[in-house]
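None of these values were measured; they are calculated from a predicted model.
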Amino acid sequence: MNPRVITAVLLFSLLAAACGGDRDAGGEPVDITTWQLRSGTVDGIALVLVDGYPVTFRVEDDQAGGTAACNQYGGRVILDGNTVSFPDGFFQTEMACVDPGVMELEAAFLAALSRVTGSAAGGGELRLSGDGVDLRFSAVEPEPDAALIGTLWNLDTLIEGDAAPTVAAPATLYIDDQGKVTGSTGCNSMNGTYQAATGFSPLATTRIGCEPSVMDQERLVLAVLGGDPILTIEGSTLTVTASDGSALIYGADA
């Protein structure tokens, strides 16, 4: 897996298991892969959660990530017993959310997470703590995986190198039950075919010109889809990862 892909690319290993096999009240491993922030304090000041903007945390191998209210975030994590550190800090996508308090919550959470040094899990709960920081999470049941075929996928996130460029224009991907591919790069319509064994055929597009940021997005979309990608679905998220690590992250149309 490309370590820069920070959303639901694979089923994430449980942090509790990585931190010493913590178990729930019934003595069984906590069989949940995503944690959602329920409360937190930083230097004695409570984080103000915002309805509709969950803050989540998950770990797979040496990568941690999730949703920080508005944006996706991620970074390398080192787990040693109950000790936790994030040696390289975090990167995140570049969306701006205008509802009151969302961006403030995001900034406060990421700043707090960078100060975390310890963890404890049990009873379906996770606690991350550090100097002046106390973050408490509850386990979240994973949602059923959407079907690749017959689902309209909307582009949510671009990953290129160490960057996560903002999606400049709405883009879609759709594969029907005959393997026909249709959709949009954000500028032009595209069509072709897809087979599980061989992947995407070369995709044809219309020839409209758009502003530079949208054309940059189109270039990346076509490069990833044409780059012998690996497709992975978890819940309502489809991640299409090319061999060079670039990726497109789509969400299932509600």
Side-chain angles (χ1 to χ4, degrees), residues 1-14 31-34 36 54 56 58-61 63 65-67 71-74 93 95 140-161 164-206 214 216-254:
M1 188 191 95
N2 171 20
R4 299 187 182 100
V5 178
I6 59 177
T7 57
V9 178
L10 300 172
L11 290 176
F12 276 62
S13 301
L14 188 64
D31 192 22
I32 303 293
T33 59
T34 301
Q36 182 169 337
T56 63
R58 338 198 260 189
V59 168
E60 182 188 16
D61 300 326
Q63 299 295 309
T67 302
N71 285 281
Q72 303 292 318
Y73 72 94
T93 53
M95 295 185 295
V140 179
E141 291 284 353
E143 60 184 320
D145 292 342
L148 173 65
I149 305 302
T151 298
L152 178 63
W153 298 99
N154 297 303
L155 185 63
D156 288 337
T157 305
L158 305 165
I159 304 291
E160 185 174 26
T166 301
V167 173
T172 59
L173 177 67
Y174 182 81
I175 306 171
D176 71 14
D177 57 8
Q178 301 300 310
K180 182 180 179 181
V181 175
T182 55
S184 166
T185 66
C187 180
N188 285 284
S189 299
M190 62 184 185
N191 63 82
T193 61
Y194 173 82
Q195 295 182 13
T198 59
F200 293 95
S201 69
L203 298 175
T205 67
T206 52
V214 180
D216 286 343
Q217 174 179 304
E218 174 169 289
R219 172 191 54 77
L220 182 58
V221 167
L222 294 176
V224 172
L225 295 178
D228 192 23
I230 296 172
L231 279 64
T232 310
I233 295 174
E234 185 181 350
S236 60
T237 299
L238 165 67
T239 300
V240 184
T241 307
S243 57
D244 67 355
S246 298
L248 310 172
I249 301 174
Y250 292 88
D253 194 55

Indicate the atoms forming the closest heavy-atom contact of Asp145 with Gly235, along with that distance. OD1-N, 2.6 Å

Neighbour count >12 (heavy atoms, 6.0 Å) for atom CG, Asp176: yes

Heavy-atom closest pair (Met190 atom, Thr172 atom, distance to 0.1 Å) is CE-O, 3.5 Å

On a heavy-atom basis, the closest approach of Ser184 and Pro170 is OG-O, 4.0 Å

Could you walk me through whether Leu238 and Leu231 pass the side chain to side chain contact (heavy atoms under 4.5 Å, CB included) check? CA-CA 7 Å; Leu238 165 67; Leu231 279 64; 4.1 Å; yes

Under a 3.5 Å distance rule, please check whether Thr206 uses its side chain to pair with a backbone N or O of Asn188 as donor and acceptor. no

Distance (rounded to the nearest 0.5 Å) between Thr198 OG1 and Asp228 CG: 9.5 Å

Find the distance between OH (Tyr250) and CG (Asn154) and round it off to the nearest 0.5 Å. 9.5 Å

For the residue pair Glu160 and Pro165, what are the closest heavy atoms and their distance? N-CD, 4.3 Å

Would you say the side-chain atoms of Gln63 pair up with the backbone N or O of Gly74, donor to acceptor, closer than 3.5 Å? no

I need the Leu220 CG to Leu155 CG distance, nearest 0.5 Å. 8.5 Å

Treating Thr56 as the side-chain partner and Thr67 as the backbone partner, does any N or O pair qualify as donor plus acceptor under 3.5 Å? yes

Residues 175-202 vs ring pair (Phe, Tyr, Trp, His ring centres under 6.0 Å), sequence neighbours excluded, gives Tyr194-Phe200

Heavy atoms only: give me the nearest Thr241-Ala247 pair and the separation to one decimal. OG1-CB, 4.0 Å

Give, for atom OG1 of Thr239 and atom CH2 of Trp153, the distance between the pair rounded to the nearest 0.5 Å. 9.0 Å

Heavy atoms of other groups near Ile230 CD1, more than 12 under 6.0 Å: no

Ignoring hydrogens, what is the shortest heavy-atom contact between Gln217 and Thr185? Give both atom names and the distance. NE2-O, 2.9 Å

Please check this pair: side chain of Ser201 against backbone of Thr193, looking for a donor-acceptor N/O pair closer than 3.5 Å. yes

Roughly how far, to the nearest 0.5 Å, is CG of Leu148 from OH of Tyr174? 10.5 Å

Would you check if Thr237 and Ile249 make a side-chain contact, meaning some heavy-atom pair closer than 4.5 Å? yes

From Leu173 atom CG to Leu225 atom CG, the distance as rounded to the nearest 0.5 Å: 6.0 Å

So Leu248 and Leu158, side chain to side chain contact (heavy atoms under 4.5 Å, CB included) or not? Walk me through it. CA-CA 5 Å; Leu248 310 172; Leu158 305 165; 3.6 Å; yes

Please check this pair: side chain of Gln36 against backbone of Val140, looking for a donor-acceptor N/O pair closer than 3.5 Å. no

